[in-house]
2 protein chains.
Amino acid sequence: MPGRLPASAAVFRPVRTRNAFEETVERLLQAIRLGVAAPGERLPAERELAARLGVSRVTLREAIRAVADAGYVESRRGRYGGTFVAEDLPSLPRPRRGATPTGAELEDVLTLRRVLESGAAESAAARSLSPAERQHLRGRLTGVAEVPRGEEAEYRRRDSRLHLAIAEVTASASLTTAVADIRTKVNELLDAIPLISANIEHSNEQHRTIVEAILSGDAPAARAAMDEHVGGTAALLRGFL
Amino acid sequence: MPGRLPASAAVFRPVRTRNAFEETVERLLQAIRLGVAAPGERLPAERELAARLGVSRVTLREAIRAVADAGYVESRRGRYGGTFVAEDLPSLPRPRRGATPTGAELEDVLTLRRVLESGAAESAAARSLSPAERQHLRGRLTGVAEVPRGEEAEYRRRDSRLHLAIAEVTASASLTTAVADIRTKVNELLDAIPLISANIEHSNEQHRTIVEAILSGDAPAARAAMDEHVGGTAALLRGFL
DNA sequence: GTGCAATGGCTCAGGGCTGATCCTTTGGAG
DNA sequence: CTCCAAAGGATCAGCCCTGAGCCATTGCAC
């Protein structure tokens with residue numbers, strides 16, 4: 001019978017985890033934390049954003065209000081107005097929501113993360129990229145490398161943005177979505193541990209290797225490089241949690 | 001600005017695609033089509049299922065009603081009653097909803113599918129499986145192999161169930177969920193093309209290779225075998241669509 | 001300077017969904 | 001035979017959310 005097996009849990013999982021308001025808040029924060037909306041940038045206009053998110057303008061506005069109250073965005077009225085990401089983002093007002101994740105939860109995230117990100121790197125390398133795509137990748141790579149020391153939050157955003165860019169150049173929208181989601185979860189885990197500058201330099205080295213492999217169309221190398229990269233993060237997280 | 005880039009589309013994608021009723025119907029059908037709920041089996045009681053799906057009993061009942069009207073399930077009252085999957089399932093009353101998918105949509109699904117399923121096979125092989133898990137895998141493998149000729153729908157369900165079992169033994173709930181979802185999409189594509197018996201035998205061969213690699217803990221071999229397997233399906237689909 | 005288009009701010013009727021409660025049916029336990 | 005627990009069947013008040021509309025503000029184009 002379809003009792004409590006994992007497959008049953010997967011199919012009969014909740015249809016709606018949060019309500020529309022909460023989901024919308026999460027999305028806005030996700031956009032900011034993944035660097036998809038960078039500090040100072042303008043979000044799409046409310047009417048458009050509401051349509052894209054599939055929620056009513058009322059609900060979106062409530063969510064924006066909440067995110068604005070927390071200091072992440074700021075709204076300006078009038079033509080050429082809009083909702084802008086704050087230049088100085090709040091520094092992790094995350095009060096360790098819930099206890100540290102259980103070992104199983106951690107492994108769950110890390111497993112999916114490895115599958116998705118290594119798969120994305122391989123898939124990206126297997127395609128023949130357009131000049132625009134190649135430039136996009138290179139741009140994100142230098143973007144991460146250029147972050148000055150101490151700017152940990154900015155580093156994390158650009159790091160996320162590079163990983164997202166790799167998923168983007170696979171040309172698979174659903175893979176990109178999946179990577180964005182798992183990346184959000186990984187970031188939440190990373191926020192709980194200190195960021196060591198030696199790790200950053202090592203990461204940048206690995207980023208370069210990964211992007212080079214993708215750009216040269218070497219799929220196995222891209223996978224291997226990404227595997228090593230996410231393996232490092234996994235070891236770090238397992239150590240601290 | 002966060003304009004129309006893929007990453008932006010991923011983060012600002014709709015929060016709620018369908019309404020609760022439609023989502024619930026989809027889940028019930030997914031359970032049946034993936035073989036998670038086999039013909040003749042009883043679904044969880046309404047009160048429990050509603051809780052698991054995170055919808056009200058009213059909504060769940062409406063969904064069950066719809067699925068029952070379509071001939072997929074049957075409800076019986078009284079103690080030891082319940083909602084049972086029909087012994088004889090309707091044969092694809094799917095009237096080609098929408099035109100055939102565009103090339104990009106097809107590639108999107110196939111890309112994510114390859115990433116997830118090959119990654120799952122590799123992850124499964126990399127773990128040390130418990131006796132119960134090993135038996136589970138073997139059972140699903142023989143289950144597919146035993147389907148008599150002509151029972152195409154049953155074959156597809158058991159095939160799905162095997163692929164799901166591989167995801168299950170990775171012990172990653174979110175990977176299992178992701179595989180279940182992509183498998184549902186793949187099945188929809190497969191329903192549009194004829195099932196050739198030569199392909200079935202070839203598939204069974206590949207299934208055996210995959211499971212053997214997983215059981216012997218050979219992660220690279222498991223990935224390679226799954227890669228080849230999903231590659232075959234991909235070629236088939238590209239040819240027909 | 002004036003007009004105006006684009007944007008955020010606000011309100012309200014109504015539909016969808018929930019959560020609670022009670023009813024009805026059924027078949028095994030005693 | 002009777003009881004009753006477990007399951008489906010049904011109803012209703014009320015909240016969440018939508019969709020539509022209108023208002024207020026702003027700064028460029030002319």
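Labels below follow one simple rule: chain letters A, B, ... track the order of the sequence lines, proteins then strands, and each chain is numbered from 1.
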Contacts of B:D69 that satisfy salt bridge (Lys or Arg N to Asp or Glu O under 4.0 Å) - sequence neighbours left out | B:R65
Quick check: closest heavy atoms across [X] and [Y], and the distance to 0.1 Å?
X: B:L28; Y: A:F12; result: CD2-CE2, 4.4 Å
X: A:A70; Y: A:P90; result: O-CG, 3.1 Å
X: A:A178; Y: A:L116; result: O-CD1, 3.7 Å

Of B:F21 and A:G81, whose closest DNA chain C nucleotide lies nearer the 5' terminus?
-> A:G81
Between B:E22 and A:S75, who's closer to the 5' end of DNA chain C by nearest nucleotide?
-> A:S75
Got A:T184 and A:L29 here, is their nearest side-chain heavy-atom distance under 4.5 Å?
-> no
B:E133 versus B:E168: any side-chain heavy-atom pair under 4.5 Å?
-> no
Report the distance from atom [atom1] of [X] to atom [atom2] of [N], rounded to the nearest whole Å.
X: B:R47; N: D:dG8; atom1: CZ; atom2: C1'; answer: 7 Å
X: A:E46; N: C:dC10; atom1: CD; atom2: C1'; answer: 11 Å
X: B:E62; N: C:dG15; atom1: CD; atom2: P; answer: 15 Å
X: B:R42; N: D:dA6; atom1: CZ; atom2: C1'; answer: 9 Å
X: B:I64; N: D:dA7; atom1: CD1; atom2: P; answer: 13 Å
X: A:N19; N: C:dG16; atom1: CG; atom2: P; answer: 19 Å
X: B:R61; N: C:dT24; atom1: CZ; atom2: P; answer: 14 Å

Bend angle of the helix from C:dG1-D:dC30 to C:dG30-D:dC1, from helix axes over five pairs at each end, nearest 10° |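 It comes to 10° between the two terminal axes.
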Residue set satisfying ring-ring contact (aromatic ring centres under 6.0 Å, His included) with B:H207, at least two apart, ordered chain then number -> B:H163, B:H229
Salt bridge (Lys or Arg N to Asp or Glu O under 4.0 Å) between A:E188 and A:R33: does it pass, once the steps are laid out?
-> CA-CA 10 Å; A:E188 283 173 10; A:R33 298 222 177 94; 5.3 Å; no
Record whether the side chain of B:R76 comes under 3.5 Å of the base of D:dG8 through a donor-acceptor pair of N or O atoms.
->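 Per atom types, no contact qualifies.
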Can you list the residues that meet the side-chain contact (heavy atoms from CB on, under 4.5 Å) rule with A:R79, with sequence neighbours excluded?
->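 Applying side-chain contact (heavy atoms from CB on, under 4.5 Å) to A:R79 gives none.
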Polar atom pairs between nucleotides 18-20 of chain C and protein, under 3.5 Å, N or O only, would you list them?
unit_1: C:dT18; atom_1: OP1; unit_2: B:S56; atom_2: N; d: 3.3
unit_1: C:dT18; atom_1: OP2; unit_2: B:S56; atom_2: N; d: 2.9
unit_1: C:dT18; atom_1: OP2; unit_2: B:S56; atom_2: OG; d: 2.7
unit_1: C:dT18; atom_1: OP2; unit_2: B:T59; atom_2: OG1; d: 2.4

Does a donor on one side chain and an acceptor on the other come within less than 3.5 Å for B:S203 and B:D159?
-> no
Protein-nucleic acid N or O pairs under 3.5 Å, nucleotides 24-30 of chain D:
unit_1: D:dA24; atom_1: O4'; unit_2: A:R77; atom_2: NH2; d: 3.3
unit_1: D:dA24; atom_1: N3; unit_2: A:R77; atom_2: NH2; d: 3.0
unit_1: D:dT25; atom_1: O2; unit_2: A:G78; atom_2: N; d: 3.3
unit_1: D:dT26; atom_1: O2; unit_2: A:R79; atom_2: N; d: 2.8

A:E22 atom CD, neighbour heavy-atom count above 12 within 6.0 Å |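 Yes - once you tally the heavy atoms of other residues, nucleotides and ligands closer than 6.0 Å, there are more than 12.
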